[in-house]
Chemist: 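Sharing a structure below in structure tokens format, with a few things to ask.
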Amino acid sequence: MSFSSTRRQFLSTAASATAFAGAAQLGFLSKLPPVSAEEANSAKDVVRLPEDIAPLVRLIEETPREKLLEEVAGKIRKGTSYREIVAALLLAGVKNVQPRPSVGFKFHAVLVVNSAHLASISSPDEQRWLPIFWALDYFKSSQLQNEKEGNWSLSNVNESRVPTPAKAMTAFTEAMNKWDEEAADAAVASLVRTAGANELFDVFAYYGCRDFRSIGHKAIYVSNAWRTLNTVGWQYAEPVLRSLTYALLAREGASNPVDSDLDADRPGRRNLERALKFRDNWQTGKIDSNATHELLATIYSGDADQLSNQIVETLNQGISPQSVWDALLVGSGELLMRQPGIVGIHTLTSTNALRYAYGVCGSDDTRKMLLLQNGAFLTLFRGAMKGRGNLGDQKIEQLEPADVPQGHQAALDSIFEAVSTNRAKAAQQTLAYARANPEPHDYINRARSLIFMKGRDTHDYKFSSAVLEDYHNVSPAWRDRFLATSVFNLKGSRESDNPLVKRTQAALA
């Protein structure tokens, strides 16, 4: 079967099982000058938000950074709910921060909302607002950067181009396949008004993983957008999914990927063909640590084609997909261990997003692509890391445990002090601790608390939420080693506190 017919077959299958929604595009996402609250409420070119949340969004938009936390705290004391604050934070981001030229950088104000929420709901009561207030403050810095770069705003949909509900799915898929931003923006508006969240997720999950641009942020945005909307309510989905579609159509330069054979697109095109080669009952099978070990070797030395082929072969031998996910998750952690830094962080945050999508979507074809593309992405991440300097040769399978003091608190004190001074030692101690405590709740709680108290960067929240969640997505045979790699981007006890903590506590007192 030719590539083009294979691709059409896959997209047709995905479309028949789901429905699409959402997206913004260049022609309708205008750059607007600053406006007053009254003008913002009535301006024709700026996206309108639901009336129940618009005043709170305006408060976040218009309040100076140095006063925002106190203003929001006042709203909370008067009865504004947690859900309303998170919803307004998300909508302020998608309305005021452009996910271009790369889905990252200032746009982390949007990407981090779900991570802050996950950290919040997993925290003790006295710390629950800290991640959300940190994210509110970070939004103001992103808003300022967006203003410096042209003051982009999400515009209203061009209603004259919105297709009927019966034609919306076809219009959206055609627009996404052609990388046509104007048509996609109109089509997604129709879809989000008539389709449900579960219908739409599968197709967005596919487009989130089809190309390797913005170091995994497309997939991250898909999963984080859905997870946050599940918290705040689908009634706020239209501007979010328009922004998401605009982000998914980000590409380098003026060339259209349809007319090119670019490195970012090649693995996805080849994996569409490989997805047809899975055995019929591929989601069943035995968990095999030796298969995980063999996949790890290819993650560290093979290319995208080799690893993708090996994934198909492994599954067709009767091995469970869990053993593949073990390799992808542990392999991500080892890449971070080999070269701590921004690229290594994204091996884990993107794998977390793809693993979440795999667990939620209902399309068999989309799940195959998520698995294959995750593998391909790791080899591309590895290549990017080599371009940034020395990529170490440490093997997570060869990591040996180191002694830790007796007692939970003493052991944790020792580990997180070592995170600040000697991460290799901290990894060895974490391995020992995890082996002695198969359910290391105290470790996870301590790690989160240190992020709240000392975290300053969006990646502190994105990474910690991802890795501490995925601990439970790894098989017991590999969990302790996976957790040991987390110390290469967690916060240690010797690092200074973030001043926002005291300011937040004072505002809520």
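Each residue takes its place number in the sequence, starting with 1.
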Chemist: Can you name the salt bridge (charged side-chain N to carboxylate O under 4.0 Å, His left out) partners of R128, sequence neighbours left out?
Modeler: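 Result, salt bridge (charged side-chain N to carboxylate O under 4.0 Å, His left out) vs R128: D125.
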Chemist: Where do A376 and N271 come nearest, in terms of heavy atoms and distance?
Modeler: CB-ND2, 4.1 Å
Chemist: Pairs of donor and acceptor atoms involving the side chains of residues 110-117, under 3.5 Å and at least two apart or interchain, shall be tabulated with distances.
Modeler:
| unit_1 | atom_1 | unit_2 | atom_2 | d |
| --- | --- | --- | --- | --- |
| N114 | ND2 | N224 | OD1 | 3.4 |
| H117 | ND1 | Y82 | OH | 2.7 |
| H117 | NE2 | T231 | OG1 | 3.2 |

Chemist: Please tell me whether Y356 and W226 form a close aromatic pair, meaning their ring centres lie under 6.0 Å apart.
Modeler: no
Chemist: For E469, give me all partners under side-chain hydrogen bond (donor to acceptor under 3.5 Å, both in side chains), at least two apart in sequence or on another chain.
Modeler: R227, N352
Chemist: For a quick check under 3.5 Å, do N374 and R355 share a side-chain donor-acceptor pair by atom type?
Modeler: no
Chemist: So is R448 actually on top of Y461's ring, under 6.0 Å and inside 45° of the axis?
Modeler: no
Chemist: Aromatic rings Y221 and F107: how do their planes relate, parallel, tilted or perpendicular, breaks at 30° and 60°?
Modeler: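 Y221 and F107: perpendicular rings.
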Chemist: Please find the pair of heavy atoms, one from G196 and one from E199, that lie closest to each other, and give the distance.
Modeler: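 Answer, listing the atom of G196 first, then E199: N-OE1, 2.8 Å.
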Chemist: Between E294 and N290, is there a side-chain donor-acceptor contact under 3.5 Å, judged purely by atom types and distance?
Modeler: yes
Chemist: So F377 and F212, would you call those rings parallel, tilted or perpendicular, with 30° and 60° as cut-offs?
Modeler: tilted
Chemist: According to the interplanar angle, ranging from 0 to 90°, do the rings of F416 and Y443 count as parallel (below 30°), tilted (30 to 60°) or perpendicular (above 60°)?
Modeler: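 Answer is tilted, since the angle falls between 30° and 60°.
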